[in-house]
Amino acid sequence: MEAAGEAEARLLLLQEARESIEAARSHRRELQQRLRGLHQARQQIRESAALTRDVLEQHFSDLKGTLKKLLDERLLSLLQKVDAIEQESIKPLDECQKLIEQGVSVADELLREGESAVDGDVGQQNEKLCNFTKKALHIQLDSLPEVPSLVDVPCLSAQLDDCLLTILKNQIFTHGTVASRPPVQLEEFVEKPGGILVRWCKVDEDFTPQDYRLQFRKGGASPFEDVYVGPETEFLVLHLDPHVDYEFRVCARGDGRQEWSPWSVPQLGRTSLVPHEWTAGLEGYSLSSRRNIALRNDSQSRGVLYSKAPTYFCGQTLTFRQVLLGIETVGQPDRRDSLGVCVEQQNGFDSLQRDKAVCVSTNGAVFVNGKEMTNQLPAVTSGSTVTFDMEVVQLGPCSSEGGNFKLRVTISSNNREVVFDWSPPDISTTFSLLSSSRGNGSATGGIPGDPKLLPGNTLQV
């Protein structure tokens, strides 16, 4: 008994030791994960600080170069104006000086002649004096040119407003800011078929955003490109490849501002949901390059157009939209034309109004497992949008054999909706998207990314 007790105690000690070892390993993994998180945080701080330094140095270097260029251009303009005023003001003074110098020369010559006539020989004195007197009378010795006074001629000066320096100082001292965090950050990525719903939020309470700007890129090598600019705080990015990383970032523009805020911390997002696509090759339908738009042609064949794969899951919103292509429809729509979802593809049917399917006819009638409901939606016409929402609901307590589960289906169209519970054979089965169009070719479709059926040429059958 004592030996058995010792063995049991030893086993308990070994079990406790193993649990402690596993707890220590788990604790070590958590600590190592936190060390990696600290390393990433430190790396983000250092890399963003280095990038901010480079941006500031480049910006102020460009600013100094631009300011020097502008000041040199302004100085050259003012110097040219000084030169123009100087030349324009000196020109009449030069003309006046030339006239006075000519008068001085004439007066010097007349003075020499007069002195010669006075001091000359007595015999020729009278003749010289007579000629000198006549010449002096013609010269008009009492006429003098007018010389402008100093107050009448320009006196150049430079008027420099010292307040410019004060304004520049105030602007320079307040120019630029260094933010430790951007005012907006990415908040959530929601997988969608062939896309990602990106949500972001404001993290600076003092910042009043006017518009947001979302960018993304595939991988990390290609440049970022704009995918959304506007006031909303979420955007569905479509046409993405599944299981591929995309990098996103967002910034904002403050109310009344022109410049954008710093970018948020880039984050990776991906979708594992393949895009909705129609099945190619069905006679009577033409598909777009992405196979999300189907065009009903004038073929006489009949049949149901299914999605390529069961890509619809509960909890998603599936939207069909009928788009008008400008082609006039003739005849009356066939009431078997419908759109909806089903559990499985069944060949041999020309409508969705059958078992294991729910659908809406073009006249607005709702069919569940082939039976028409009392409630009805508006008719599906050009521009109509029809949405399907499904969720799993438990109608009773769980037991060893499982609970009583059904699908709660909500079909909406033109601000009206029909809600009912549907019990397909296997609610865990994903749903195929499908649409049926026959008769005159009435059309259904969806928002970008969802399967669409667009109106085309029609024939009455």
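On a predicted model such as this, the values are computed, not experimentally measured, just so you know. Residue numbers start at 1 and run along the sequence shown.
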If we ignore angles and hydrogens, is there a donor and acceptor under 3.5 Å between the side chains of [X] and [Y]?
X	Y	result
D152	S149	yes
H276	T311	yes
S307	E277	no

Using side-chain contact (heavy atoms from CB on, under 4.5 Å), reason through D389 and V409 one step at a time and then give a plain yes or no. CA-CA 6 Å; D389 290 275; V409 182; over 6 Å; no
Could you report the tightest heavy-atom contact between [X] and [Y], atom names first, then the distance?
X	Y	result
D211	P231	OD1-N, 3.8 Å
A294	L287	CB-CD2, 3.6 Å
N414	S384	ND2-OG, 3.9 Å
P266	E247	CB-OE2, 3.1 Å
R253	Q258	CD-O, 3.4 Å
T319	T387	OG1-CG2, 3.4 Å

To the nearest 0.5 Å, what is the distance between [atom1] on [X] and [atom2] on [Y]?
X	Y	atom1	atom2	answer
I293	S286	CD1	OG	12.0 Å
L38	L31	CG	CG	10.5 Å
N375	E417	CG	CD	11.0 Å
E73	L71	CD	CG	9.5 Å
T317	K192	OG1	NZ	6.0 Å
R213	W200	CZ	CH2	13.0 Å

Worked verdict on R29 versus Q32 for side chain to side chain donor-acceptor pair (under 3.5 Å): CA-CA 5 Å; R29 286 195 298 268; Q32 290 174 342; over 6 Å; no
Worked check of side-chain contact (heavy atoms from CB on, under 4.5 Å) between F189 and V198: CA-CA 5 Å; F189 296 109; V198 184; 3.8 Å; yes
Quick check: does any side chain N or O of [X] sit under 3.5 Å from a backbone N or O of [Y], one acting as donor and the other as acceptor?
X	Y	value
R416	Q376	yes
T279	Y306	yes
S48	I45	yes
Y228	E232	yes

Would K81 and I85 count as a side-chain contact (heavy atoms from CB on, under 4.5 Å) if you check the C-alpha gap in whole Å, the side-chain angles of each, and the deciding distance to 0.1 Å? CA-CA 6 Å; K81 190 170 185 178; I85 295 176; 4.2 Å; yes
Who are the side-chain contact (heavy atoms from CB on, under 4.5 Å) partners of Q97, not counting sequence neighbours? D94, E101
Which label fits F248 and F216: parallel for a plane angle under 30°, tilted from 30 to 60°, or perpendicular past 60°?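 The arrangement is parallel - the two ring planes meet at less than 30°.
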Does the side chain of [Y] come within less than 4.5 Å of [X]'s, by heavy atoms?
X	Y	value
S264	L186	yes
V341	L318	yes
V418	L377	yes
S272	P242	no
E225	R217	no
L407	C314	yes
T410	F388	no
K98	E95	no

Could you go through the side-chain contact (heavy atoms from CB on, under 4.5 Å) check for F235 and L197 one step at a time? CA-CA 6 Å; F235 183 74; L197 177 62; 5.9 Å; no
Matching residue for L214 among V229, V237, T233, D226 - test: side chain to side chain contact (heavy atoms under 4.5 Å, CB included):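 Testing each of V229, V237, T233, D226 against L214, the sole residue satisfying side chain to side chain contact (heavy atoms under 4.5 Å, CB included) is V237.
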Of the options L238, L240, V190, which is the one that meets I196 in a side chain to side chain contact (heavy atoms under 4.5 Å, CB included)?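 That would be L240; it is the only one of L238, L240, V190 passing the side chain to side chain contact (heavy atoms under 4.5 Å, CB included) with I196.
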Salt bridge R408-E391, side-chain N to carboxylate O under 4.0 Å: no
Tell me which pairs pass salt bridge (Lys or Arg N to Asp or Glu O under 4.0 Å) where either residue lies in residues 43-64, with sequence neighbours left out. none
Please table the atom pairs, donor to acceptor, closer than 3.5 Å between any side-chain atom in residues 168-185 and protein atoms at least two apart or in another chain.
{"residue": "N170", "atom": "ND2", "partner": "T166", "partner atom": "O", "Å": "3.2"}
{"residue": "T174", "atom": "OG1", "partner": "N170", "partner atom": "O", "Å": "2.8"}
{"residue": "T174", "atom": "OG1", "partner": "Q171", "partner atom": "O", "Å": "3.3"}
{"residue": "H175", "atom": "NE2", "partner": "H59", "partner atom": "NE2", "Å": "2.7"}
{"residue": "Q185", "atom": "OE1", "partner": "V265", "partner atom": "N", "Å": "3.2"}

CZ (R257) with more than 12 external heavy atoms under 6.0 Å: no
Both conditions, 6.0 Å and 45 degrees, for the charged tip of R249 above the ring of F224: are they met here? yes
